[in-house]
Amino acid sequence: MNILFTKIRDKHALWYKGIVFAFCVAVCTYLLPKSNSSQTAHVNVGDVWLNNDFISTIDFLVKKTNAEITTEKKELKKQIVYFKKTPGNISALLSNLSNLPHNKAIDVKVLLDSVFNVGIYFSNQQNIYQDSVMYIVSNNEVVLTKRQKLFDKQKLNHILSQQIANNTVVNEIVSQIQPNITYDEILSNEMATEDPEVNYIYKSKIVKGDVLLHKNDVVTEEQSQILKSYNQALTEQEIETSQLSIIIGQFLACILVLGIMMLFLAFFRKSIFSQNTQVTFIFLIILLIIIITSIVAKYNVNYIYAVPFCLVPILIRVFFDSRTSLFNFLNIILICAFFTPDKFEFVFIQLIAGIGTIFSVADMGKRSKLFVSALLTFVFYVLAFVAYHLINNTPLAISNIQSYVPFLLSSVCVLFSFPLIYIFEKLFGFVSDFTLLELCDLNSPLLRQLSQKIPGTFQHSLQVANLAEEACYKIGGNALLVRTGAMYHDIGKMSNPRFFTENQVGEVSPHEDLSAEESAQIIIGHVIKGVEIAKENKLPETVIDFIRTHHGTTTTRYFLYNYKKEHEGEIINEDLFRYPGPIPFSKETAILMMADGVEASSRSLKKYDAIAIDELVDRIINHQINENQFMNADITFRDINQIKKIFKKRLMNIYHVRIEYPR
């Protein structure tokens with residue numbers, strides 16, 4: 001158990017990264033859409049279908065809309081109107097028949113009996129008689145009868161005219177006839193209280209392979225209803241067949257995409273991978289964007305382009321480098337593409353806009369760059385969108401002004417990088433180029449205090465900053481960071497300024513009254529004091545690192561040499577004369593150590609010529625190499641040789657050294 005605990009403790013950083021990775025994979029898998037119907041889930045009536053023909057992948061039935069079902073129920077209620085049928089009474093008509101010949105009267109009487117037997121109704125009495133089908137109750141039986149088979153006044157008048165030539169008699173008979181089919185209000189009302197059920201809720205069937213939407217179709221009400229039925233059927237089918245395969249696929253996809261990001265950091269950005277806070281920040285950005293995308297896609301997938309994807313390369317670039325920014329952006333786009341209907345369109349447009357944004361913030365020297373970046377992001381979005389739809393022959397999308405609204409919103413969100421950069425700086429202890437520029441301002445309180453209190457050290461810091469910055473430009477690195485570190489690396493000298501040669505006036509040195517050990521401790525103490533002053537003034541840790549490492553673990557050679565002369569033959573504890581360290585651990589801190597040593601030693605030269613400067617630079621830097629001061633720094637011998645050349649050239653320019661030509 002103790003062995004296991006020890007292994008976990010020794011590898012706690014890797015365990016932490018594993019937990020972060022697993023958490024991100026789990027959240028992303030959970031958020032990804034589990035239904036394949038997302039492509040048409042948010043298509044509304046009047047939208048233009050800009051993609052290729054959409055073909056059904058399943059057989060399904062198209063449901064009737066609620067409005068259609070309600071209308072059908074109303075129709076059923078209208079049809080269920082009941083009429084009662086009574087025997088016809090022709091006794092009142094016999095007086096009119098007496099004027100006719102006997103044979104004719106008998107024929108008319110038989111005709112009227114058959115008419116009453118079929119049924120007579122008067123359609124001008126109520127609107128209910130206008131229905132084509134009538135429910136007639138006779139002898140407690142309901143007979144469904146078509147209205148056309150029954151007799152009304154007009155039809156009765158016509159058949160009587162065929163039997164009786166006298167129109168006056170016909171009109172008198174028709175006027176006296178009473179209908180024997182009448183509306184049964186009581187029974188109809190009783191039956192109307194029941195809500196009739198629609199026998200069939202589907203109105204059509206779609207077969208697998210049918211085209212639901214053609215390219216450039218304007219979606220109609222009928223097509224919208226078909227798509228809703230398709231999405232519902234697809235979802236039901238996925239539930240029936242289990243979503244396990246979809247979840248497994250999404251899980252593998254998230255592992256691959258996020259795993260590639262983690263491997264990139266482990267192999268190509270070891271400095272980032274070694275810092276848990278930086279790894280946490282990168283994966284936090286990924287999670288935040290995916291969460292925002294899932295929320296937008298849930299409510300309206302058409303506005304997924306309004307998600308500020310281009311904020312990602314800016315935030316990563318501000319704190320890290322362009323390659324890390326691009327790689328992180330690519331991974332986010334790959335995952336977020338699963339939320340979109342047309343995945344290729346999304347990836348194409350976002351890649352163009354994202355890469356363009358990275359180019360626009362390649363030099364983050366000024367805050368105004370972000371305004372330019374926001375404008376360029378919108379331009380890249382529009383150009384990529386137009387290019388894609390020109391290729392796909394969908395001009396309606398290009399002419400639709402609303403298509404560009406999400407791009408405008410996303411581009412405006414780029415400006416929110418101002419407060420976000422500040423928030424992330426405070427949360428994770430990062431330092432952006434903007435903060436470094438503010439710290440480098442010579443009017444900042446601490447630098448003004450440095451220039452007024454110890455002008456000699458201030459001038460030394462300026463020269464070191466110039467040397468280190470130029471070297472950083474040459475071999476690669478964060479030139480702004482090394483310049484800032486150089487400006488503050490000696491602020492500890494403000495505590496005892498007279499004990500440092502650049503601040504001494506005249507030939508009298510306060511070290512003459514102190515022992516070598518005491519003098520060494522005062523000189524070494526400026527590192528510790530500098531760290532204290534920096535923390536009191538809330539300087540970032542990355543800047544304080546330059547204060548800690550600019551002497552590494554070297555010794556105060558002058559005082560150590562004097563001490564050895566005074567104590568010849570004795571065992572000497574050199575740690576009394578050694579700086580506390582640590583040694584430089586980055587390219588920038590290594591450059592500062594070299595620049596500081598070379599610049600300080602150059603002030604003690606008696607003769608400034610090319611040979612003396614060459615010898616000085618080689619001697620100082622070679623001594624630092626021999627002292628193993630650059631073991632932890634990511635710097636090569638080739639880089640060091642280039643730095644030497646830059647320092648030699650720069651020092652000759654500073655001291656106006658001319659190369660002597662042979663006479």
Between [X] and [Y], what is the shortest heavy-atom contact and its length?
X	Y	value
N331	F327	ND2-O, 2.7 Å
Y579	G552	CB-O, 3.4 Å
F283	L265	CE1-CD1, 4.5 Å
I491	G530	CD1-O, 3.6 Å
P308	I289	O-CD1, 4.0 Å
F339	L31	CE2-O, 3.3 Å

Considering only heavy atoms from C-beta outward, does the side chain of [X] approach that of [Y] to under 4.5 Å?
X	Y	value
P580	I524	yes
I620	S602	no
V279	M262	yes
N632	P582	no
R317	R323	no
F500	I523	yes
L258	I335	yes
L616	R619	yes

Practice task
Take I635 and I643 through the test side chain to side chain contact (heavy atoms under 4.5 Å, CB included) and record every step on the way to the result.
Solution key: CA-CA 11 Å; I635 195 167; I643 292 171; 3.8 Å; yes

Starting at [atom1] of [X], measure out to [atom2] of [Y] and round the result to the nearest 0.5 Å.
X	Y	atom1	atom2	result
F546	H550	CZ	NE2	12.0 Å
I358	S322	CD1	OG	6.5 Å
E532	I547	CD	CD1	11.0 Å
E469	I646	CD	CD1	11.5 Å
I285	L315	CD1	CG	5.0 Å
D618	I640	CG	CD1	11.5 Å

Under the rule for ring-ring contact (aromatic ring centres under 6.0 Å, His included), what residues qualify as partners of [X], not counting sequence neighbours?
X	answer
F21	none
F273	none
F329	none
F577	Y563

Fill in the blank from the handout: Contacts of N276 meeting side-chain contact (heavy atoms from CB on, under 4.5 Å) (sequence neighbours excluded), chain-then-number -> A13, Y16, K17

Problem - Aromatic ring proximity Y381/F309, centre distance under 6.0 Å - result: no

Exercise for the section: For residues F281 and F319, establish whether the separation of their ring centroids is below 6.0 Å. Expected result: yes

Practice task
Could you check L439 against M487 for side chain to side chain contact (heavy atoms under 4.5 Å, CB included), going step by step and ending with a plain yes or no?
Solution key: CA-CA 9 Å; L439 292 174; M487 294 302 299; over 6 Å; no

Exercise for the section: Return each pair, listed once, that meets salt bridge (Lys or Arg N to Asp or Glu O under 4.0 Å) where at least one residue sits in residues 259-277; pairs must be two or more places apart or across chains. Expected result: R269-D321

Exercise for the section: Please collect all salt bridge (Lys or Arg N to Asp or Glu O under 4.0 Å) contacts where either partner lies in residues 439-467, sequence neighbours excluded, each pair once. Expected result: none

Is the backbone of [Y] close enough, under 3.5 Å, to the side chain of [X] for a donor and an acceptor to pair up by distance?
X	Y	answer
S410	V307	yes
N628	M631	no
R578	T555	no
S325	P313	yes
N328	T324	no

Expected list for residues 415-428: side-chain donor-acceptor pairs under 3.5 angstrom, two or more places apart:
| from | atom 1 | to | atom 2 | distance (Å) |
| --- | --- | --- | --- | --- |
| S417 | OG | V414 | O | 2.7 |
| E425 | OE1 | T435 | OG1 | 3.1 |
| E425 | OE2 | S432 | N | 2.8 |
| E425 | OE2 | S432 | OG | 2.7 |
| E425 | OE2 | T435 | OG1 | 2.5 |

Practice task
Please lay out, stage by stage, how I533 and L446 fare under the test side chain to side chain contact (heavy atoms under 4.5 Å, CB included).
Solution key: CA-CA 9 Å; I533 294 173; L446 195 54; 4.1 Å; yes

With a 4.0 Å cut-off on N to O distance, would you call [X] and [Y] a salt bridge?
X	Y	answer
E627	R557	no
E470	K474	no
D614	K644	no

Problem - Side-chain H-bond candidate by donor/acceptor type, T553 with Q629, under 3.5 Å - result: yes

Practice task
Consider only side-chain N and O atoms of S373 and T357, and report whether a donor and an acceptor are under 3.5 Å apart.
Solution key: no

Handout entry: Listed partners of E518 passing salt bridge (charged side-chain N to carboxylate O under 4.0 Å, His left out), at least two apart
Key = none

Practice task
Taking side chain to side chain donor-acceptor pair (under 3.5 Å) as the test, write out the residues that go with T636, two or more places apart.
Solution key: D639

Practice task
Would you sort out whether E599 and R650 count as a salt bridge (charged side-chain N to carboxylate O under 4.0 Å, His left out), showing the intermediate values?
Solution key: CA-CA 10 Å; E599 204 285 330; R650 186 76 179 184; over 6 Å; no

Atom pairs and distances, side-chain donor-acceptor, residues 586-597, under 3.5 Å, sequence neighbours left out:
| from | atom 1 | to | atom 2 | distance (Å) |
| --- | --- | --- | --- | --- |
| S586 | OG | T589 | N | 3.3 |
| S586 | OG | T589 | OG1 | 3.0 |
| E588 | OE2 | N478 | N | 2.9 |
| T589 | OG1 | F585 | N | 3.2 |
| T589 | OG1 | S586 | N | 3.0 |
| T589 | OG1 | S586 | O | 3.0 |
| D596 | OD1 | H460 | NE2 | 2.8 |
| D596 | OD1 | H489 | NE2 | 3.0 |

Handout entry: Residue pairs fulfilling ring pair (Phe, Tyr, Trp, His ring centres under 6.0 Å) with at least one residue in residues 621-646, sequence neighbours excluded
Key = none

Practice task
Check the pair S271 / D634 against side chain to side chain contact (heavy atoms under 4.5 Å, CB included), numbers first and verdict last.
Solution key: CA-CA 9 Å; S271 60; D634 182 21; over 6 Å; no

